[in-house]
Number of protein chains: 2
Amino acid sequence: MSPRTQPGRTRERIYQYVRKQLQMGQPPTVREVQHAFGFRAVQTAREHLERLVKEGLLAKRPGKARGYCLPAGKQDGPPPVLIPLLGHVQAGNLNAAIEHPESYLPANARSADKLFALRVRGESMLGAGILPNDIVIVHSQPTAENGEIVVALVDDEATVKRLRLRRNRIELHPENPDFEPILPPPDRCSILGKVTEVRRFIDSPAN
Amino acid sequence: MSPRTQPGRTRERIYQYVRKQLQMGQPPTVREVQHAFGFRAVQTAREHLERLVKEGLLAKRPGKARGYCLPAGKQDGPPPVLIPLLGHVQAGNLNAAIEHPESYLPANARSADKLFALRVRGESMLGAGILPNDIVIVHSQPTAENGEIVVALVDDEATVKRLRLRRNRIELHPENPDFEPILPPPDRCSILGKVTEVRRFIDSPAN
DNA sequence: TTATCTACCAGACAAATGTCTGGTATGTAA
DNA sequence: TTACATACCAGACATTTGTCTGGTAGATAA
């Protein structure tokens with residue numbers, strides 16, 4: 001007989017394991033739970049799972065392979081999607097850049113279809129807490145609300161700015177007093193999308 | 001014999017169906033695909049799935065129930081890991097907080113074992129571009145280098161600050177002139193880890 | 001002491017599931 | 001015409017997977 005843990009301890013860890021697997025889109029079999037926790041009997045794993053169902057933490061489709069799931073309404077959301085981090089964006093080659101990204105960023109989102117990521121260059125958005133080399137995740141859309149931070153294409157150059165909607169044109173405002181707003185003619189500017197997330201990887205310190 | 005569709009048409013719809021099921025954490029069996037598309041033979045569904053695998057749009061674990069899945073991220077790296085976002089951290093309950101996370105954040109990392117995430121409260125790190133409600137991803141370690149941004153536990157309270165190492169003590173410096181450095185006695189302060197990433201979710205604009 | 005509960009093991013069996021083999025039917029190219 | 005490719009059907013079989021039955025062992029309460 002294997003060593004035992006205190007009541008409920010292993011079951012809690014099994015709950016987290018199942019939850020994590022479910023979020024990755026890979027619901028486990030009872031035997032996979034068995035092996036993940038080193039039990040020698042399938043029934044051990046099953047009993048923990050059944051207790052979790054009884055406690056309302058898990059639900060299940062009886063008799064179905066990989067049938068344990070989260071109760072309806074307790075979804076952590078869909079598994080991560082991979083958002084393409086684009087190297088360089090110019091007018092006309094957004095789709096090509098999406099298909100040849102520099103790398104991918106995982107994110108919790110329903111779909112990556114309308115999402116892409118860019119590196120921020122320059123310090124025009126310092127006041128909004130967006131630093132050079134930060135990565136912005138962008139939801140592709142041709143318009144945005146007044147005040148939203150957008151990625152716009154101006155004269156072939158992508159830029160991150162705060163959108164200001166005026167009566168007959170748009171303005172792209174920096175968040176840094178050292179920079180001037182951009183007031184592009186409409187035929188020379190298009191909105192690529194709205195910034196929905198900012199990410200920064202922190203390396204070694206400057207001291 | 002049932003009516004036929006033009007080549008590739010049904011397969012495209014099957015691809016979208018499988019993808020959607022996978023994103024919901026419910027990978028389908030071959031027979032579920034069969035029934036979803038009204039085929040009378042399992043093999044019809046299977047052949048479409050196998051063609052999708054051959055085209056690289058799907059991957060699969062052979063012989064496993066519900067084994068069709070999306071290809072591993074179209075990149076060479078490992079699949080994303082899920083980093084626990086902790087709700088509240090106090091001395092002594094870090095492990096408990098990790099086991100009851102508020103949610104998970106996907107990230108490209110070898111392992112999530114030594115990673116956790118916290119929400120930033122307050123404005124003491126504004127100057128470093130870290131705003132209130134930002135999320136910091138932390139690599140668990142008891143020490144860090146001079147100048148690194150760390151999460152430390154001071155008198156039961158977790159705080160994000162820049163570490164300054166002095167001869168016989170550590171200092172926790174804000175990046176905002178409105179705040180004073182923290183000079184804790186060593187027995188009342190411990191380093192939980194080093195900040196490796198900052199994330200910010202941007203909601204509706206303030207106008 | 002017995003009774004009960006929890007955490008584990010072992011084995012067997014039924015059903016779900018993946019897989020294979022053999023086939024029809026249609027369209028296109030040689 | 002034949003050959004080939006694609007989209008479908010039908011049936012059988014092997015394996016995976018869920019489930020059940022019977023058990024040990026430890027802790028606690030009556």
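The model shown is predicted, which means the values in this text are computed figures rather than measured ones. Lettering follows sequence order; numbering is per chain, from 1.
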Between B:Phe37 (CZ) and D:dA7 (P), how many Å, whole number? 13 Å

Using heavy-atom distances to pick each residue's nearest nucleotide on DNA chain C, tell me which of B:Tyr68 and B:Glu47 is more 5'. B:Tyr68

If each of B:Lys64 and B:Thr10 is mapped to the nucleotide of DNA chain D with the nearest heavy atom, which maps nearer the 5' terminus, i.e. the 5' end? B:Thr10

Could you tell me the separation between the CD atom of A:Gln26 and the P atom of D:dT17, rounded to a whole number of Å? 13 Å

Separation of A:Arg61 atom CZ from D:dG18 atom C1', in whole Å? 13 Å

Are A:His48 and C:dT6 close enough that a side-chain N or O sits under 4.0 Å from OP1 or OP2? no

Atom CG of B:Leu49 and atom C1' of C:dC20 are separated, to the nearest Å, by 16 Å

Atom-pair distance (CD on A:Gln34; P on D:dT19), nearest Å: 15 Å

Can you classify the ring geometry of A:His48 versus A:Phe39 as parallel (below 30°), tilted (30 to 60°) or perpendicular (above 60°)? parallel

Select one nucleotide: of C:dA7, C:dC9, D:dT6, the one nearest the side-chain heavy atoms of A:Phe39. C:dC9

Would you kindly give the CD1-to-C1' distance between B:Ile14 and D:dA7, to the nearest whole Å? 10 Å

Toward the 5' end of DNA chain D, by each residue's nearest nucleotide, B:Arg66 or B:Arg9: B:Arg9

Starting from C1' on D:dC8, measure out to CZ on B:Arg13 and report it in whole angstrom. 14 Å

Does A:Asp134 reach the main-chain N or O of A:Val198 with its side chain, forming a donor-acceptor pair under 3.5 Å? no

Assign each of A:Ala41 and A:Arg31 the nucleotide of DNA chain C bearing its closest heavy atom; nearer the 5' end lies the nucleotide of A:Ala41

Using a heavy-atom cut-off of 4.0 Å across all strands, would you classify A:Arg46 as base, sugar-phosphate, or nothing? base

If the cut-off is 4.0 Å, is A:Arg40 near the phosphate of C:dC8, judged by side-chain N/O to OP1 or OP2? no

Regarding B:Arg66 and B:Glu32, does a basic nitrogen lie under 4.0 Å from an acidic carboxylate oxygen? yes

Among B:Arg162, B:Arg164, B:Arg166, which one satisfies side chain to side chain donor-acceptor pair (under 3.5 Å) with B:Glu171? B:Arg166

Could you please name the option among D:dC9, C:dT17, C:dC8 that lies closest to any side-chain atom of B:Thr44? D:dC9

When the distance from CD of A:Glu50 to C1' of D:dC20 is rounded to whole Å, what number comes out? 11 Å

Check: B:Gln21 side chain, B:Gln26 main-chain N or O, donor-acceptor pair, under 3.5 Å: yes

Candidate nucleotides D:dC20, C:dA12, D:dC9, ranked by approach to the side chain of A:Gln43 - the nearest: D:dC20

